[in-house]
Amino acid sequence: AQTVTQSQPEMSVQEAETVTLSCTYDTSENNYYLFWYKQPPSRQMILVIRQEAYKQQNATENRFSVNFQKAAKSFSLKISDSQLGDTAMYFCAFIPRNYGGSQGNLIFGKGTKLSVKP
Amino acid sequence: DAGVIQSPRHEVTEMGQEVTLRCKPISGHDYLFWYRQTMMRGLELLIYFNNNVPIDDSGMPEDRFSAKMPNASFSTLKIQPSEPRDSAVYFCASSSRDEKLFFGSGTQLSVL
């Protein structure tokens, strides 16, 4: 079975500091995508960043970057210069990908609630 | 593009009533997904479509749930009859082949 584990139910960080959210996953697939989604109190699910498993280079999106360790099946999210607007639930997600198509099932972790304090 | 549009945003109904949730995906996306979010179970995939055809409905809880996609711009998720345990946030999402799922704002369903 494919699973995604987020071991930190809650975290907090001071504004302007850096925080890292952890995620591990379990799969026998070799080709897949990993994602971080943000869900603020507004409930909207917002894509933060995506990593393709066959790419060794870690993905970055402005203040957001990942540390992808394929052998360890680890996919952590680093938020630099934290802002009050980063306060949200953060979900790690995984989707296997067959050649020529998608399996379709985005598997989510349970989430980490991040609070950014002024 | 306006993004994935879901309606209604909130739905309160009584047990036994029929509930219909609606979704308009992003134009050009050929995958559409219905997810349910609860505190206990997190985000669960209910069903997904590719080019309007249901591909995997193994997540649909039981026969009370049904989903349709009559065309590329519209999908419905129906619960009949509804039960209190169906109370949750229901999300619709769409994607193209690049695997980036874009979610709607969700429907908060409360079954009394």
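Naming convention: chains lettered A, B, ... in sequence-line order (proteins, then strands); numbering from 1 in each chain.
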Transitively linked via ILVMFWY side-chain contacts under 4.5 Å: B:V19 with B:L77?
yes
Flag, side chain of A:K110 to backbone of B:R41, donor-acceptor distance under 3.5 Å:
yes
If Ile, Leu, Val, Met, Phe, Trp and Tyr residues are connected whenever their side-chain heavy atoms lie under 4.5 Å apart, and connections chain through other members, are A:V13 and A:L77 in the same group?
yes
So do the side chains of B:L101 and A:Y37 get within less than 4.5 Å of each other, counting heavy atoms only?
yes
Taking side chain as everything from C-beta outward and backbone as N, CA, C, O, which of these in B:Q108 sits under 4.5 Å from a heavy atom of chain A? Side chain, backbone, both or neither.
both
Check this for me: B:N71, atom CG, are more than 12 non-hydrogen atoms of other residues, nucleotides or ligands nearer than 6.0 Å?
yes
Below 4.5 Å from any heavy atom of chain A, which atoms of B:M39 appear? Answer side chain, backbone, both or neither.
neither
In this structure, CG of B:L43 is separated from CE of A:M89 (nearest 0.5 Å) by 9.0 Å
Same cluster (ILVMFWY, side-chain, under 4.5 Å), B:F102 and B:F49:
no
Under 4.5 Å from any heavy atom of chain B, what part of A:R43 do you find: side chain, backbone, both or neither?
both
Any A:L106 side-chain heavy atom under 4.5 Å of B:Y35 side chain:
yes
Reported OG-to-CG distance for the pair B:S95 and A:L47, which is rounded to 0.5 angstrom:
11.0 Å
Does NZ belonging to A:K70 count more than 12 external heavy atoms closer than 6.0 Å?
yes
According to a 4.5 Å side-chain heavy-atom criterion applied to Ile, Leu, Val, Met, Phe, Trp and Tyr, with indirect links allowed, do A:Y32 and A:I49 form part of one hydrophobic cluster?
yes
Starting from A:F64, can I reach A:Y33 by hopping between I/L/V/M/F/W/Y residues whose side chains sit under 4.5 Å apart?
no
Would you name the heavy atoms of A:F35 and B:K100 that are closest together and state the gap between them?
CE2-CA, 4.2 Å
